[in-house]
**Q** 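Here it is, the structure in full.
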Amino acid sequence: MDGNPGIYGGVKTTKESAFRKEKQQVEEELEGLKHSKSSLNKLVRLENGQLKLGPKSKKTVWGLKFVRVILGDIKPVMKRLDAIQKLEQQQAADAVKKLRKVKVLPRETPVEQGLTLKESLEAVKSSASVHTVPKGDRVRAPYMNPESRYFKQSKKAPDLKQLQLIEDREYRLVPSPRDVERKLDSEFLACKEQQKRQGEDTVFSGKQATSDGFDDGVQEGSKKLTLTWPVKNRPGETFDGSYDLKYTTVEGTDSGICSTQGLQVQYENQDRSLATTFDINVAGRKQVVSLTGVFDGHGRSDAADYAKAHIAEKLQARLNEYGSKELTDTVIWNAIKVAFVDLNHSFLHDSSDREASAGTTINVALKIGNQLWVGNLGDSRAMILTESGKSIQLSEDADLEDAKYQQGVEVRGGQVTDLQWSGKTFKRVNNTLGTARSMGEHNQMGAVSGRPKITKIKLEQGMSLVQVSDGITQKAKTEDIGSEVHRSLKEGQTTAQAATNVVERALRTQSVDHLTAVVTKF
């Protein structure tokens, strides 16, 4: 759909069209149905754009499956990308036809038992249209160009129609405040559940980090470590390794950063981090946004460097565009999502075959007023610490072991395969990438989504934010990371020292991956 019927400030509107007329007709019929007592405890059926009441029948089976797919209650029933067109990308009339019917319950019925009449009507109305960023305001994905190296080097002939459907899905907007609220609640719950599942195999071990070795009173410095490790498969043998934990207290912020290469010092550290601010204009007034982030690059550091350099400008542009009149949760949620997609599509890397697979995780936190927003792509992680030291996970790792992330890859034409290494089995996208979402990875031809998962939390006095790359989360649970930061800050150490202590603990636990931590006090 090229146009969008202007749901909130800053999004372009289209002229009166058949699409709008049909949507208006549906809403009028729904409004009339709202006052019909006979509608209670019956099924609302939508056939050819017309609302009808009737008992459950065999004709409703497909419609019910569709509802369950949207709610995530069953495994994917469609493998091919044309499912996206059927479920999400058609015009208002087609979307209404696909839903078929919604169960209507009395107003007093508890929500957990089903949808109330009011909620059912809102669900039908929201399904009556699909809103996307107008094509003229999009950044085209580089792999969609038939002349691109990704297109030419693809193992099978790419389907441009399917690639267009992927782009439409990536640029989909959610203009309903209620739907945005539900998505925020759902993602916050997913983070909470993932935090509960973290096992005892990820626990910090080794000597506890101390304040010894820091260069006091400097904004930038490094902590030198010499550690002794047993040689794998050689009982009794050890080797000594020297490690440089570089830390920074970012000027003008309350953020401290530390990063190092991990045990594999022969490889380039592809992690990047960020702490900055930028201004946006809301109804003629300036609003300052604080931004911090962790970017874990793979396939060289090209993508992580690009993300660090351009994420702020992409976020600023979409927040200014969508929030020109009012900065609501709906505006912020959509702006963050679209900014990530813009960033992903604008990243080009054409200099070598290796760089064709360049990509990065992105975990950013935006402080807007007294709210903290987290946008996450991949398996870097964010958590908030309360003043008492409680750790609350704010991002969900895009783990390929999770069925919903596997489904996301498969519906875009990719495969989740098993890779054997050192006697262990790892899930991979098309035998390469270890996370279900990423920026870059254009050689995957759209199989890896660049859309972030988004959460929000209200900031309270004494809270601190911690963001880390997966070199740390592979060695520690959210609670362990938070406890180390809380201990450091309570002892009077700086945010940079607290970040360094987290990195040191992971290193002492023999993390071979690159290690980065960002700690921010509010």
Side-chain angles (χ1 to χ4, degrees), residues 133 135-154 158 163-164 166-172 268-274 276 278 291 293-319 321 335-364 366 375-380 398 408-409 412-414 429-430 432-454 469 514 516:
V133 174
K135 290 183 180 178
D137 292 341
R138 302 181 187 181
V139 179
R140 192 183 192 201
Y143 54 78
M144 292 184 64
N145 180 4
E147 298 303 315
S148 71
R149 61 194 302 241
Y150 318 107
F151 204 100
K152 292 178 178 179
Q153 294 176 2
S154 180
L163 294 180
Q164 183 62 57
I166 293 173
E167 182 184 279
D168 289 342
R169 184 183 177 110
E170 296 294 274
Y171 272 115
R172 185 179 181 182
E268 174 199 11
N269 185 354
Q270 297 173 15
D271 284 2
R272 298 293 183 266
S273 53
L274 175 69
T276 188
F278 60 85
L291 175 67
V294 170
F295 314 89
D296 182 357
H298 39 268
R300 296 190 184 179
S301 60
D302 298 26
D305 287 332
Y306 185 85
K308 175 181 177 178
H310 297 282
I311 185 66
E313 69 184 60
K314 301 296 185 184
L315 288 165
Q316 183 183 42
R318 289 300 184 177
L319 285 167
E321 179 184 1
I336 292 173
K337 173 187 172 179
V338 174
F340 269 67
V341 178
D342 288 340
L343 184 74
N344 182 38
H345 287 186
S346 63
F347 173 55
L348 297 171
H349 37 87
D350 291 326
S351 58
S352 74
D353 288 341
R354 178 176 173 79
E355 290 170 356
S357 63
T360 185
T361 71
I362 300 177
N363 184 284
V364 295
L366 297 87
N376 185 63
L377 200 60
D379 55 8
S380 294
V409 171
R412 292 172 178 81
V429 177
N430 297 329
T432 55
L433 183 63
T435 182
R437 296 198 174 196
S438 173
M439 192 212 87
E441 301 292 343
H442 295 321
N443 64 327
Q444 300 290 348
M445 301 300 290
V448 178
S449 176
R451 289 181 297 157
K453 294 288 188 177
I454 301 171
S469 61
H514 307 137
T516 298

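Keep in mind that this is a model prediction, so the values were computed, not measured.
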**Q** Charged N to carboxylate O under 4.0 angstrom, K152 versus E147?
**A** yes

**Q** Give me each pair satisfying salt bridge (charged side-chain N to carboxylate O under 4.0 Å, His left out) with a member in residues 304-313, each pair once, sequence neighbours excluded.
**A**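 Qualifying pairs, neighbours excluded: R272-D305.
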
**Q** Describe, in one word, how the ring planes of Y143 and H442 are oriented to each other, choosing from parallel (under 30°), tilted (30 to 60°) and perpendicular (over 60°).
**A** tilted

**Q** Name all residues meeting the salt bridge (Lys or Arg N to Asp or Glu O under 4.0 Å) criterion together with D379; count only those two or more places apart in sequence or in a different chain, and write none if there are none.
**A**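 So D379 forms no salt bridge (Lys or Arg N to Asp or Glu O under 4.0 Å) with any residue.
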
**Q** Quick one: side chain to side chain contact (heavy atoms under 4.5 Å, CB included) partners of Q164, sequence neighbours excluded?
**A**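 K135, R138, M144, E167, D168.
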
**Q** Between V448 and V409, is the side chain to side chain contact (heavy atoms under 4.5 Å, CB included) condition met? List the steps.
**A** CA-CA 6 Å; V448 178; V409 171; 5.5 Å; no

**Q** Taking T360's backbone N and O only, do any of them form a donor-acceptor pair with S438's side chain (distance below 3.5 Å, no angle check)?
**A** yes

**Q** Is the side chain of S148 donor-acceptor paired with the backbone N or O of F151 at a distance under 3.5 Å, no angle test?
**A** yes

**Q** How long is the gap from CG on D271 to OG1 on T361, to the nearest 0.5 Å?
**A** 7.5 Å

**Q** Give, for atom CG of N344 and atom CZ of R437, the distance between the pair rounded to the nearest 0.5 Å.
**A** 11.5 Å

**Q** Looking at A303 and A358, what are the two nearest heavy atoms and their distance?
**A** CB-C, 4.1 Å

**Q** Do Q153 and N443 pair up side chain to side chain, a donor and an acceptor below 3.5 Å, judged on atom types alone?
**A**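 Side-chain D/A pair, Q153 to N443: absent.
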
**Q** Do L366 and L319 touch side chain to side chain, with heavy atoms closer than 4.5 Å?
**A** yes

**Q** What closest approach, in Å, do S469 and D296 show between heavy atoms, and which atom pair accounts for it?
**A** CB-OD2, 4.2 Å

**Q** F347 vs Y306 aromatic rings, parallel, tilted or perpendicular, using cut-offs 30° and 60°?
**A** tilted

**Q** Under 3.5 Å, side chain of E170 to main-chain N/O of G450, donor-acceptor pair present?
**A**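 Yes; at least one donor-acceptor contact below 3.5 Å.
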
